[in-house]
Amino acid sequence: MNYKLEPANQYRSQAIDLLIANNLPVSDLDKSKPLYVLVIDEQVAATAGLELFEKTALLRSVSVKKDMQGQGLGKTIAREMEEIAKKKGVDTFYLLTTTAKDFFEKNGYIVIDRNEVPDTIRSSSEFSSVCPSTATVMKKDLTAKKKILFVCIENSNRSQMAQAFASMIGKDAVEAYSAGSKPSGIVNPKAIAAMKELGYNLQNHSSKSLDEAKTHAPFDAVVTMGCGDACPWMPAKKHIDWEIPDPRNMEREAFNKVRDLIKEKVSDLLITLK
């Protein structure tokens, strides 16, 4: 879906109407508080507000047009706000919500006590008067690296490529690891060739056991691929299983389709962990 993100400005009245339609407060939203919109076909599809307090920021006014909900637009605009904030030197996000706790937890926010909020954030109008005292307070560290472990049977194909994609896409924000329930001891030359086509050198990787991977625990996510009951429990915030065929005996075209599927899944995973 093609969209453009920009300050509300000419779309401000549409943005305010959308917030009102979603029962979100607007009484304190003067023009000194930045409000952003996702615009699709010249219509405001989603909104988000950002109040900056040096190294911290308040995320607010996240809303999506009702007939466009369920398409990932809330996640998209929240992620865009995080990127804007990081470029401005912000390392911690805070927010208040009465209805969207589950949504924000899926996007890496944790529930905290109101007393843990810095005075600068607590003095904002949203905290001091606009939102009820019963609202859930949440926080997200924008600087912490996400640790992910990918596990398959041999640690020769799927988990190796997933680790590579996590490093390529997540860059400095991710620590990616891989392991096998029955490691083969080698990285499949087919996997090396498939990743070389995308500019990544898998020859620097080695096939590792789960015992070796445990030294890096706990993880933000452990992703398993085809190892079934042979994959023991690992300490992690999330445990995810991907149904991805083992490509080790596939020809190049089919192998690369599996590679591309892994890339797509890793991209989606990193969005949810942000």
Side-chain angles (χ1 to χ4, degrees), residues 105-108 110 140-274:
E105 281 186 326
K106 289 177 182 177
N107 287 278
I110 60 171
K140 184 173 183 178
D141 184 349
L142 300 183
T143 62
K145 289 188 176 184
K146 300 299 181 182
K147 291 171 63 177
I148 311 171
L149 173 65
F150 298 96
V151 184
C152 64
I153 298 172
E154 295 186 337
N155 190 218
S156 181
N157 295 285
R158 291 167 291 182
S159 57
Q160 291 284 357
M161 291 190 288
Q163 178 188 357
F165 281 127
S167 297
M168 292 169 69
I169 299 167
K171 297 184 170 60
D172 292 339
V174 172
E175 287 183 19
Y177 303 91
S178 67
S181 55
K182 296 178 181 177
S184 66
I186 62 168
V187 179
N188 191 337
K190 291 182 180 180
I192 293 172
M195 294 306 297
K196 185 177 181 180
E197 291 179 8
L198 302 181
Y200 190 93
N201 185 7
L202 266 185
Q203 288 182 315
N204 296 327
H205 286 219
S206 60
S207 179
K208 299 170 292 296
S209 69
L210 286 164
D211 284 339
E212 291 175 272
K214 276 184 183 178
T215 62
H216 302 292
F219 298 96
D220 289 283
V222 171
V223 180
T224 54
M225 292 172 271
C227 53
D229 293 338
C231 288
W233 181 87
M234 279 272 192
K237 294 178 183 176
K238 287 186 177 183
H239 291 84
I240 304 162
D241 186 64
W242 290 345
E243 292 187 8
I244 295 177
D246 187 346
R248 63 178 174 174
N249 296 320
M250 294 180 181
E251 296 300 323
R252 176 181 171 184
E253 183 177 353
F255 193 103
N256 284 355
K257 284 184 178 179
V258 173
R259 176 201 64 188
D260 295 344
L261 173 61
I262 292 171
K263 179 182 180 181
E264 180 181 333
K265 283 186 167 292
V266 169
S267 296
D268 290 343
L269 173 64
L270 294 184
I271 290 172
T272 66
L273 293 180
K274 282 187 176 180

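When reading the values below, keep in mind they use all heavy atoms of this one structure, side chains included, and skip hydrogens, waters and symmetry mates. Note that this is a predicted model, so its numbers are computed, not measured.
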- [ ] Can you measure from NZ (K238) to NZ (K106) and round to the nearest 0.5 angstrom?
- [x] 8.5 Å
Donor-acceptor contacts under 3.5 Å from residues 258-270 side chains, at least two apart:
from : atom 1 : to   : atom 2 : distance (Å)
R259 : NH1    : A194 : O      : 2.8
R259 : NH1    : E197 : OE1    : 3.1
S267 : OG     : K263 : O      : 3.0

Task: Heavy-atom pair of closest approach, residues A176 and A166 - done: CB-CB, 3.7 Å
TODO: Give the ring-plane orientation class for H216 versus Y177, where under 30° counts as parallel, over 60° as perpendicular and anything between as tilted.
DONE: parallel
- [ ] Starting at CZ of R158, measure out to CD1 of I153 and round the result to the nearest 0.5 Å.
- [x] 5.5 Å
Task: Over 12 foreign heavy atoms within 6.0 Å of NZ, K208 - done: yes
- [ ] Starting at NZ of K190, measure out to CZ of F255 and round the result to the nearest 0.5 Å.
- [x] 7.0 Å
- [ ] Report, as yes or no, whether the 6.0 Å neighbourhood of atom CG on D172 holds more than 12 heavy atoms from other residues, nucleotides or ligands.
- [x] no
TODO: Kindly give the heavy-atom pair with the smallest separation between Q163 and S178, and that separation in Å.
DONE: OE1-OG, 2.6 Å
Open item on the list: Determine whether R248 and E154 satisfy the following criterion, side-chain contact (heavy atoms from CB on, under 4.5 Å), listing intermediate values before the conclusion.
Closed with: CA-CA 10 Å; R248 63 178 174 174; E154 295 186 337; 2.7 Å; yes
- [ ] Please report the shortest heavy-atom distance between A179 and A213, naming the atom on each side.
- [x] CB-CB, 3.8 Å
Task: Interatomic distance, N155 atom CG to E212 atom CD [nearest 0.5 angstrom] - done: 9.0 Å
Task: Spacing of M234 atom CE and K214 atom NZ [to the nearest 0.5 Å] - done: 6.0 Å
Task: K257 atom NZ: more than 12 heavy-atom contacts under 6.0 Å - done: no
Open item on the list: Is it true that S156 and N188 share a donor-acceptor pair across their side chains at a distance under 3.5 Å?
Closed with: no
Task: L202 versus M195, closest heavy-atom pair with distance - done: CD1-CG, 3.5 Å
TODO: Say whether, by atom type as modelled, one donor and one acceptor occur between the side chain of D220 and the main chain of K147 under 3.5 angstrom.
DONE: yes
Open item on the list: Looking at every non-hydrogen atom in both residues, tell me the closest pair between P245 and M250 and how far apart they are.
Closed with: CB-CE, 3.9 Å
Task: N107 side, atom CG; L273 side, atom CG - distance, nearest 0.5 Å - done: 9.5 Å
- [ ] Spell out, as yes or no, whether a donor-acceptor pair under 3.5 Å connects the side chain of S181 to the backbone of L210.
- [x] no
Open item on the list: Between S159 and V151 (side chain of the first, backbone of the second, donor and acceptor by atom type, cut-off under 3.5 Å), is there such a pair?
Closed with: no
TODO: Please report the closest heavy-atom contact between G170 and V174, naming both atoms and the distance.
DONE: CA-CG2, 3.7 Å
- [ ] Examine distances only and state if a side-chain atom of Q160 and a backbone atom of S206 form a donor-acceptor pair shorter than 3.5 Å.
- [x] yes
